[in-house]
Amino acid sequence: MPEGPQVVFLRELAAPFVNQPVLKAEGNAAGIPFHEVTGQVLTGIETFGKELLFCFPGFTLRVHLMLFGKYALNGRLDRELVLGLTFPGGNLNFYACGCRLLRQPLAALYDWRRDVMHPSFDPGAAVAKLLARPNQPICEALLDQAVLAGVGNGIKNESLFLGRVHPQSLVGATPRPVLERLVRTCVQFSSDYLRWKKEGTGDQWHVYRQRQCPRDHIPLRIEKLGKSRRSCYYCEKCQQLYLH
DNA sequence: GGTTATGTTATTTC
DNA sequence: AGAAATAACATAAC
């Protein structure tokens with residue numbers, strides 16, 4: 001379920017619990033001192049990329065929904081509870097997720113300039129990080145959370161389509177203005193994605209999980225590319241391949 | 001029953 | 001030692 005925009009959407013759903021005390025913390029997450037969490041007041045909720053951060057005085061609970069994560073707001077699902085937080089105003093339950101307790105201040109752990117959903121996102125820094133890895137295929141580089149935190153496989157495919165860049169293009173062979181446009185497109189698409197979530201418009205994928213190019217009306221290519229072999233959906237006619 | 005999938009991390013191997 | 005490949009994890013849908 002993740003990708004940055006959905007995590008931000010979830011933060012907004014959970015925002016009413018801020019300033020409320022945890023009446024009960026439970027679950028089977030390893031290494032979480034549930035007893036210590038109980039009674040603490042939730043001081044804020046942040047996101048970083050695909051991570052959801054519940055802030056308490058002195059510590060933070062970090063939840064990552066990974067590939068199969070599920071959550072229930074004011075309800076429970078019939079599966080093993082990993083983390084459940086009950087507040088006076090309701091409850092929030094997480095399943096099949098990664099969960100960790102952080103004791104360091106968030107500022108020491110996260111640089112929000114690389115989070116595509118954050119107001120302080122720094123496109124120049126992202127382009128510089130891309131340029132530092134000239135031999136990497138762009139489809140792999142865009143998914144790197146150290147470059148563009150929050151970008152997942154959907155946003156990657158859509159941004160490459162909108163930017164008219166072939167996923168196997170090598171970063172170093174792609175003109176700098178094209179890289180800059182790609183980074184801006186990642187941010188813009190992520191922001192649109194959040195809006196669709198809020199408006200309940202449903203998914204608005206151009207190529208991701210689609211069969212046909214909306215520009216050329218020819219079948220899309222669907223291949224697992226890059227070292228991580230993630231699915232790429234692209235049009236070989238309108239997406240330019242840049243190689244050395 | 002096999003494959004796939006919006007993802008990351010731990011372990012093993014070279 | 002350190003990079004790179006592999007396994008692990010968790011779940012539903014086709």
Side-chain angles (χ1 to χ4, degrees), chain A residues 1-13 27-32 47-53 60-72 75-84 93-102 109-111 114-117 132-162 167 182 185-198 200-211 220-234:
Chain A
M1 105 126 249
E3 289 215 65
Q6 285 152 291
V7 178
V8 172
F9 182 69
L10 176 50
R11 174 187 62 189
E12 295 181 8
L13 291 182
N28 68 356
I32 301 298
T47 66
F48 180 83
K50 301 163 187 166
E51 300 175 27
L52 191 56
L53 303 161
T60 299
L61 282 180
R62 188 193 82 167
V63 174
H64 197 306
L65 290 160
M66 312 297 278
L67 201 51
F68 308 120
K70 295 268 184 294
Y71 69 88
R76 294 192 79 137
L77 300 181
D78 182 21
R79 64 187 65 223
E80 204 161 4
L81 183 66
V82 176
L83 174 68
N93 296 302
F94 293 98
Y95 310 86
C97 63
C99 185
R100 270 162 61 174
L101 186 134
L102 312 173
L109 297 171
Y110 297 110
D111 180 357
R114 65 177 214 261
D115 180 351
V116 294
M117 293 306 294
R133 46 187 79 193
N135 295 316
Q136 197 173 30
I138 190 70
C139 62
E140 204 175 296
L142 293 186
L143 280 179
D144 191 331
Q145 301 301 291
V147 179
L148 295 164
V151 170
N153 208 29
I155 297 171
K156 174 204 79 177
N157 278 298
E158 295 298 297
S159 299
L160 287 172
F161 171 75
L162 293 169
L182 263 184
T185 304
C186 283
V187 173
Q188 180 62 51
F189 184 82
S190 299
S191 143
D192 290 343
Y193 191 174
L194 174 60
R195 200 177 65 243
W196 299 325
K197 289 292 291 182
K198 286 186 188 175
T201 329
D203 292 335
Q204 308 277 324
W205 305 120
H206 298 103
V207 290
Y208 180 57
R209 290 173 169 164
Q210 308 305 305
R211 308 299 299 271
L220 290 170
R221 295 199 69 113
I222 305 170
E223 293 164 354
K224 294 179 188 302
L225 302 177
K227 214 172 300 179
S228 54
R229 315 286 299 155
R230 301 300 301 278
S231 295
C232 288
Y233 294 73
Y234 66 97

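Here the structure is a predicted model, which is why all the values come from computation and not from measurement. Chain letters run A, B, ... following the sequence lines, proteins first, then strands; residues in each count from 1.
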Peer 1: As a test of your reading of the structure, name each stem of DNA chain C as range with range, where a stem is three or more consecutive Watson-Crick or G-U pairs at under 3.5 Å.
Peer 2: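 If one scans DNA chain C for consecutive Watson-Crick or G-U pairs, the stems found are B:2-5 with C:11-14, B:7-14 with C:2-9.
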Peer 1: Whether the D192(A) and Q204(A) side chains hold a donor-acceptor pair (N or O, under 3.5 Å, no angle test) is what I'd like checked.
Peer 2: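 Not at all, the side chains of D192(A) and Q204(A) share no donor-acceptor pair under 3.5 Å.
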Peer 1: Find the distance H64(A):NE2 to dT8(B):P and express it as a whole number of Å.
Peer 2: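 H64(A) atom NE2 is separated from dT8(B) atom P by 4 Å.
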Peer 1: With a 3.5 Å distance limit and no angle check, can you tell me whether E158(A) reaches the backbone of V207(A) through a side-chain donor-acceptor pair?
Peer 2: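 Yes; at least one donor-acceptor contact below 3.5 Å.
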Peer 1: Please determine if R133(A) and E140(A) form a salt bridge, counting it only when a charged side-chain N lies under 4.0 Å from a carboxylate O.
Peer 2: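 Looking at E140(A) together with R133(A), the answer is no, because their closest N to O distance does not fall below 4.0 Å.
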Peer 1: Please state how far atom CZ in R229(A) lies from atom P in dT8(B), giving the value in whole angstrom units.
Peer 2: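 So the CZ-P distance, R229(A) to dT8(B), works out to 19 Å.
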Peer 1: Can you tell me if N28(A) uses its side chain to pair, donor with acceptor, with the backbone of E80(A) under 3.5 Å?
Peer 2: no
Peer 1: Residues two or more places apart in sequence or in another chain: which of them pass side chain to side chain donor-acceptor pair (under 3.5 Å) with N135(A)?
Peer 2: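 With sequence neighbours excluded, N135(A) shows a side chain to side chain donor-acceptor pair (under 3.5 Å) to H244(A), given in chain and number order.
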Peer 1: What do the steps show when you test Y95(A) against L81(A) for side-chain contact (heavy atoms from CB on, under 4.5 Å), and what is the final call?
Peer 2: CA-CA 5 Å; Y95(A) 310 86; L81(A) 183 66; 3.7 Å; yes
Peer 1: Using 30° and 60° as the class limits, which term best fits the ring planes of W205(A) and Y193(A): parallel, tilted or perpendicular?
Peer 2: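 Rings of W205(A) and Y193(A): perpendicular, over 60°.
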Peer 1: Please state how far atom CZ in F48(A) lies from atom P in dG7(B), giving the value in whole angstrom units.
Peer 2: 15 Å
Peer 1: Roughly how many Å apart are dA13(C) and dT8(B), using the P atom of each and rounding to a whole number?
Peer 2: 22 Å
Peer 1: Taking C-beta and beyond as the side chain, do L101(A) and T60(A) meet within less than 4.5 Å on heavy atoms?
Peer 2: no
Peer 1: Using only atom types and a distance under 3.5 Å, with no angle test, would you say the side chain of E223(A) pairs donor to acceptor with the backbone of S231(A)?
Peer 2: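 No.
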Peer 1: If you measure from the P atom in dT9(B) to the same atom in dA12(C), how many Å do you get, rounded?
Peer 2: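 Approximately 23 Å lies between the P atom of dT9(B) and that of dA12(C).
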Peer 1: Going by the angle between their ring planes, with limits at 30° and 60°, are Y208(A) and Y233(A) parallel, tilted or perpendicular?
Peer 2: perpendicular
Peer 1: Starting at NE2 of H206(A) and ending at P of dT6(B), how long is that distance when rounded to a whole Å?
Peer 2: 18 Å
Peer 1: Can you confirm whether or not the ring centre of F189(A) sits under 6.0 Å from the ring centre of W196(A)?
Peer 2: yes
Peer 1: Can you list the residues that meet the salt bridge (Lys or Arg N to Asp or Glu O under 4.0 Å) rule with R79(A), with sequence neighbours excluded?
Peer 2: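 With neighbours one apart ignored, the set is empty.
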Peer 1: Using whole Å, what does the distance between atom C1' of nucleotide dT9(B) and atom CZ of R100(A) come to?
Peer 2: 9 Å
Peer 1: Looking at E3(A) and G152(A), would you say the former's side chain and the latter's main chain have a donor-acceptor pair under 3.5 Å?
Peer 2: yes
Peer 1: Between atom OH in Y193(A) and atom C1' in dT6(B), what is the gap in whole Å?
Peer 2: 6 Å
Peer 1: Within the sub-3.5 Å range, which N or O atoms of nucleotides 1-5 of chain B have a protein N or O partner, and how far apart are they?
Peer 2:
unit_1: dA5(B); atom_1: OP1; unit_2: S231(A); atom_2: OG; d: 2.9
unit_1: dA5(B); atom_1: OP2; unit_2: K224(A); atom_2: NZ; d: 2.4
unit_1: dA5(B); atom_1: OP2; unit_2: S231(A); atom_2: OG; d: 3.2
unit_1: dA5(B); atom_1: O3'; unit_2: Y208(A); atom_2: OH; d: 3.3

Peer 1: Could you tell me whether the phosphate oxygens of dT8(B), OP1 or OP2, come under 4.0 Å of any side-chain nitrogen or oxygen in Q145(A)?
Peer 2: yes
Peer 1: Provide, to the nearest angstrom, the distance between the OH atom belonging to Y71(A) and the C1' atom belonging to dT6(B).
Peer 2: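 Result: 13 Å.
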Peer 1: Polar-atom pairs under 3.5 Å, protein N or O versus N or O of nucleotides 12-14 of chain B: list them with distances, or write none.
Peer 2:
none

Peer 1: Can you give the first and last nucleotides of DNA chain C, 5' to 3', that have an atom under 4.0 Å from a heavy atom of chain A?
Peer 2: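 Range of nucleotides touched by chain A: dA5(C) to dA12(C).
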Peer 1: Taking atom C1' of dT6(B) as reference, at what distance in whole Å does atom CE of M66(A) sit?
Peer 2: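 It is 13 Å, rounded to the nearest whole Å.
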Peer 1: In terms of side-chain geometry, is the basic nitrogen of R209(A) or D203(A) positioned less than 4.0 Å from the acidic oxygen of its partner?
Peer 2: no
Peer 1: Quantified in whole Å, what is the P atom distance between nucleotide dA7(C) and nucleotide dT3(B)?
Peer 2: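 Per the computed distance, 14 Å lies between those P atoms.
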